[in-house]
Number of protein chains: 2
Amino acid sequence: MTEPDWDLYRSLLAVLDRGSLSAAARLLGLSQPTLGHHVAALEMALGAPLFTRSPKGLVPTETALALRPHAEAMASAAAALRRTASGGADAPGGVVRVTASEMVGTVILPAMIAGLRRAHPGIVLELSLSDRSEDLLRQEADIAIRMTRPLQGSLLARKIGEIGLGFHASPAYLAREGRPKDMGDLRHHTLIGPDRDIETLRGVIPAGLALTPEMFAIRVDSHVAHLALVEAGAGIGVCQFGIAAAAGLVPVLPDLFRPMMPVWLACHEDLRASRRIAAVFEFLGGALADYVARDAQAMVRTMPPSTRSAAPLVAEAWGEEA
Amino acid sequence: MTEPDWDLYRSLLAVLDRGSLSAAARLLGLSQPTLGHHVAALEMALGAPLFTRSPKGLVPTETALALRPHAEAMASAAAALRRTASGGADAPGGVVRVTASEMVGTVILPAMIAGLRRAHPGIVLELSLSDRSEDLLRQEADIAIRMTRPLQGSLLARKIGEIGLGFHASPAYLAREGRPKDMGDLRHHTLIGPDRDIETLRGVIPAGLALTPEMFAIRVDSHVAHLALVEAGAGIGVCQFGIAAAAGLVPVLPDLFRPMMPVWLACHEDLRASRRIAAVFEFLGGALADYVARDAQAMVRTMPPSTRSAAPLVAEAWGEEA
DNA sequence: GCTCAGTCATAAATTTGTTTATAGCAGACG
DNA sequence: CGTCTGCTATAAACAAATTTATGACTGAGC
């Protein structure tokens, strides 16, 4: 058996993605018979059928589905290669791909990116917003901003600091529904919480409160929508102090519930050699550090004077130390 | 810029590997002008020069060197894909790639593989012997046998047990040079130890002994050569009890120095779905457990009756628990 | 029940890529 | 100092892939 052309893998991936030869052909800018030939050649080379033909399209076999992750790995390696090449040897410009959570990407990053572009006009940024953290391993991104410690080998990680979380509500909501006096009071309020993604809060919820989806009258997994709901006065939800302060939200029970969430910046070891990636890494490191500092200030400012310290109330459950 | 054909990446990798178009052409079964054209096309597509031509061959530029890891990632993904495909959907046969240390691969595995082939005649085995443990992450192997706990995410790891290490020497050496009475005595003997790879021993050497290359009169990083030297009566070296016993070696100071080394079996989570990989995983798991048990017996048997227990003397430095 | 939009498969024409063959160049060796 | 071996580069002959242009099929919608 001779090794199949790598192009065939790309065609395979396209057909798996689109579900038909014609659609895959459009995606790759090839013609449908070409894709048909590619699939046939790959089936021949691998000695196994990959699709069952039907007039509605190609249905992948078990084998083809098993091959998919590997083909995707090739695709992301190819994308990483092109990104690397885009910067030339060590030209200041080029494409850098940053991954972050939806929240960070939509609320925190935009201002930083504006500054980054001003400081390094040659650098083109790609943002990949998702909450799964495998991105770096599979080389789907050059730099990652994460709220958990990246524990992969061969990953260079820097802890930026910790961000304070707390219950918040809009002034309108509090005027309408009153202000809870203690944690037990929260039961009589409209709470906004996660839907399926309870894991995220597991380390944050204080031991006293049971963690059940039933606690929350409004459930949504998107942190951005979560914030929007709180801003709209829909109920009480957990927000970062800095973001909440900027949005004019009022902290609720900040002296009873105030977990800290670590912020990590990470990239592949190898990639630090690239000048533009190092530049983005340093810039984001600085900008995030500033942001964390402002967040801490916002948190302290909104607390009653008696308890003005930045010590976390529910910290150990979440973070490890740097 | 349109995406280059993936074949070009393969050609790039071949040229980087061989250092010349002609050699790369031989490797890939293509002709030299074809490779030349591929490189030119890739340089055009990426917009950056990749090689400086010379009559001695092609010298890669900085850019090309930066691209290399990504091209290699593609190559291993392609290899993994083909391995997966070789097994068909869930046929019992197919290729499985196992990585292990040189020592394990040459001394311990052969007998197991013979048994494995008897139990599963359809399975073809590839052995990749190296001591770096990135193999699994980069999908360069399906299953890994490691002496450290694999701490990567999305990796399925099973701790097989622990293997006892200890100083050993050949009967001939001991007859000639005498038997050391305590650790201090070792200074007057010919010790065999690592050359550059001191890390490996760091967790093993007892606290009393300073860890310097100067300790060792014979230095070699290959564990297999290490064992051969001990067998040849060249000096005293650290060996696994089981292997040493089988080779007719005599334990030296087993009651003073007896670290334990964990044995882990690991594979990617996804791959457990493949029937043949699961079969190999289970078989190796069982065989290694048997081996560890025999090693423990050998260790106990060769110790003076007074201290006959399998408890490690220098254990905590090395292993974590399952 | 008919048309229409979508699909895959096939055959001939064309474009593309690959090879063979040749020339030129630098260093190793007797 | 010439020869020999390695390499790259170029041009024309060739083989191979791709495309265009078909035909045949299925299911949705009127």
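Values below: all heavy atoms of this structure, side chains included; hydrogens, waters and symmetry mates excluded. Every chain is numbered from 1 and lettered A, B, ... according to where its sequence line falls, protein lines coming before strand lines.
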Seminar exercise, completed: Its contact letters, B for base, S for sugar-phosphate only and - for none at protein heavy atoms under 4.0 Å, make nucleotides 13-18 of chain C read -----S

Problem set entry | B/S101 vs B/H223 side-chain heavy atoms within contact, under 4.5 Å | no

Exercise. Can you find a side chain N or O atom of B/R53 that sits less than 4.0 Å from OP1 or OP2 on C/dA26?
Worked result: no

Seminar exercise, completed: Shortest non-hydrogen pair, A/A25 vs A/Q32, comes out as CB-N, 3.6 Å

Exercise. Going through the distances and angles, do A/V124 and A/V96 end up as a side chain to side chain contact (heavy atoms under 4.5 Å, CB included)?
Worked result: CA-CA 6 Å; A/V124 174; A/V96 177; over 6 Å; no

Problem set entry | A/D5 and A/L42, any side-chain heavy atoms less than 4.5 Å apart | no

Exercise. In whole angstroms, how far is the P atom of D/dC7 from the CG atom of B/L27?
Worked result: 13 Å

For this session: List the steps, then state whether side chain to side chain contact (heavy atoms under 4.5 Å, CB included) holds for A/L12 with A/L16.
Result: CA-CA 6 Å; A/L12 167 69; A/L16 281 170; 4.0 Å; yes

For this session: Report yes if the side chains of B/H268 and B/I277 come closer than 4.5 Å at any heavy-atom pair, otherwise no.
Result: no

Problem set entry | Rounded distance (Å) that lies between atom C1' of D/dA17 and atom CD of A/Q32 | 15 Å

Problem set entry | Donor-acceptor pair between B/S20 and B/R18 side chains, under 3.5 angstrom | no

Exercise. Side chains of A/L58 and A/L21: does their closest heavy-atom pair fall under 4.5 Å?
Worked result: yes

Problem set entry | Strand DNA chain D in bracket notation, Watson-Crick/G-U under 3.5 Å with | for pairs to another chain | ||||||||||||.|||||||||||||||||

Exercise. Should A/Y9 and B/L81 count as side-chain neighbours, where that means a heavy-atom distance under 4.5 Å?
Worked result: yes

For this session: Side-chain contact test, heavy atoms from C-beta onward, threshold under 4.5 Å: evaluate it for B/L8 versus A/W6 and give yes or no.
Result: no

Seminar exercise, completed: Atom CG of A/L28 and atom C1' of D/dT18 are separated, to the nearest Å, by 14 Å

For this session: Flag the pair A/R82 / B/L46 as yes when at least one side-chain heavy-atom distance between them is below 4.5 Å, and no otherwise.
Result: yes

Exercise. Choosing from C/dA11, D/dC7, D/dA9, which nucleotide comes nearest the side chain of A/P33?
Worked result: C/dA11

For this session: Using atom CG of B/L58 as one end and atom P of D/dG6 as the other, report the distance to the nearest whole Å.
Result: 17 Å

Problem set entry | Contact residues, residues 9-25 of chain A to DNA chain D [heavy atom, < 4.0 Å] | none

